[in-house]
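Residue numbers start at 1 and run along the sequence shown. Counting starts at 1 for both ligands and their atoms, in listed order. All of these numbers come straight from a predicted model, not from anything done at the bench.
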Amino acid sequence: MFKNQFPFFINKPEQVYLDSAATTQKHQSVIQAVNDYHCLSSATVHRSAYAIANEATLLFEQARDLTAQLINSPTAEQIVFNSGATESINTIASGLQKKMITGNKILILASEHHANILPWQQLSARLGLSIEVVNISDKGQFTQPEYAALLKQLSSDVAILAMAHVSNALGNIYPVEEVCRLANQQNILTVIDGTQAIAHMSVDVTAINCDFYVFSGHKMYAPTGVGVMYGKRTLLNELLPLRLGGEMITRVSFTDAEYQAPPLKFEGGTPNISGVIGLGAAATFLKSNMHSIQQHEILLSKLLSDGLEKRHDIRLFGNVSAHLNQRNQNVDEVTLGCSIGLHSFVFSNHHLHDVATLIYQKNIAVRVGHHCAMPLMNVLNINGTMRVSIGCYTTEQDIQRFFHALDNTLAELDENAGYQLIPKSKQQDVNQHTDKINNANSISHCNDNSTVGKVTETLPISFNIKQAKGWDNQYRQLLLASKNLNTLPVEMRLNENAVFGCESDLWIAYSNDQLCAYSQSKIIRGILALILEKVMYLNTPLTNNHRDQKSTSIAASFDYFAYLTELNLTPFFSVGRQDGIRNAITAIKAKLAIHHKT
Ligand code: PMP
């Protein structure tokens, strides 16, 4: 219904985008407004009186009005523009003064985004407060027992309650209106992170009656780098600004200054004018379409949760389908236990990144990882989840294509998928190659320093990878190669052998005089098998000497990352995973050097 209003999908019809919780695609009215500003009224705001400067200021302040209307702020002056939710929460936490709060605890939910944890850690150190956590269930649910516990925790020794309106990691909608009503009775300052709510439901800050409400433009079809901090008037007056500089003052001397009244007090420096104007357009789009957006998303969300629940090897977190029916009865009703169209899950038999890597190749964008909610992942005792999140442009066909890709991927990952390690037609080639290697081994490879960093020999695994056409086939070969890895015994998977950064647990060590490794990710096991094959080849002594310094030093100086790049493997890994692979290579080299010295 809305998809054709998003130019991205007109340009990329093949793309299934299910990562709207990370960032949304931009609405055509947003792109138009940003473009018009750059083409027709490009000037700075609030400073000059020439025509285009007036136009720019008018557009900027109109965006403030539109944003105030979107969230039912009593006045536009209570809308502060900045770079996003992160800056908003940092502004609040750094600007609060002791006299503005009573009590000595900061209460946060276990599911908070890092942006709603870290600033509070700093504030608690600055003002001598402690942080207390509101728990959620081991299924990531926030239902009656957890809610009852939260109500108990809302006592007069709590200074600040900081919580999300909707969890970015699980999709849960929290009953912020009721919670703020009770918090207000205890004089608790309330900060609601509405980043994941703003594009999916009507937000009414007057009804919620929170002290602060924050969100980011890029999660509501507006540009990146722009966001909002709404605050109650008295608090905005007292809160100290974070960004000091031009435009936020009425008078400055070398030794002191007087600040503007809010909102300008918090908008030091030249603002993101085009971003703010784009955000105004997004606010108009959301306000006029929210009812149909919600109805559409509820149907798709149900389709997603039904499909996920049907599949046996999936473990779902958050409040998914149980309460959707409740929500269906009245789309405007946001009750305890509901969820937006964001589903988070893990697989019983497969590593998240293995599934994601294959799914990505099918033009499906989903997110895997900790979703900037590491403490929550620790509570749930998992490393991360796969998160599928919809937007108003998502269609039924997108969901079907996702499930089709998921089913194919899981089948491919299945051990018994039955591909052949080496195609029969290529068997002879590889035999010849292996003979060559064996011969080369006994001749001169160790003396040839020019080979460093180049794929000069074709070893069995690298042969298969080279022969495989396209990433899908290369990926299959990596999965098969994973079986060839010298597996590190379970009892040796200890901290001292751990390597960090591969987006999966990984250990490397010598066991029985053999370099071994283990990762939960099959694809990382395949990469390790490929690297260790090369290490073994380069480190084979020329003579029968058990500890051959020369071959060890060649193996230790070889550029394995360049080797992987030559095999065309590295472009398919995220920057994070590439760093992790580099860490693994460094660890392998270190183990090699130590082992062969002893
Ligand atoms: N809070 C929540 C719930 C979020 O989902 C995010 C973004 N993932 C943030 C805060 C931070 O938003 P931004 O990076 O746009 O500042």
Strictly below 4.0 Å, N to O, side chains only: are Glu77 and Lys265 in salt-bridge contact?
no
Salt-bridge contact Asp398-Arg401 (side-chain N to carboxylate O under 4.0 Å)
no
Excluding sequence neighbours, so at least two apart, what forms side-chain contact (heavy atoms from CB on, under 4.5 Å) with Ser83?
Glu87
Could you note down all residue pairs passing ring pair (Phe, Tyr, Trp, His ring centres under 6.0 Å) where residues 366-396 supplies at least one of them, sequence neighbours left out?
Phe6-Tyr393, Phe9-Tyr393, His114-His370, Tyr221-Tyr393
Centroid-centroid under 6.0 Å between Phe2 and Phe285 rings
yes
Aromatic centroids of Tyr147 and Tyr174 separated by under 6.0 Å
no
For ligand 1, indicate whether the residue [X] contacts it via side chain, backbone, both or neither (heavy-atom separation under 4.0 Å).
X      : value
His371 : neither
Glu87  : neither
Ser216 : side chain
Thr86  : both

Do you know which two heavy atoms are closest between Ala85 and Thr195, and how far apart they sit?
CB-OG1, 3.2 Å
Protein contact of [atom] - nearest heavy atom, named by residue and atom, plus distance:
atom                   : answer
atom 5 (O) of ligand 1 : Gln196 NE2, 2.7 Å
atom 3 (C) of ligand 1 : Asp193 OD2, 3.4 Å
atom 8 (N) of ligand 1 : Lys219 NZ, 2.6 Å
atom 4 (C) of ligand 1 : His113 CD2, 3.4 Å

Near Thr195 (heavy-atom distance under 4.0 Å), the atoms of ligand 1 are 1 (N), 2 (C), 4 (C), 6 (C), 10 (C)
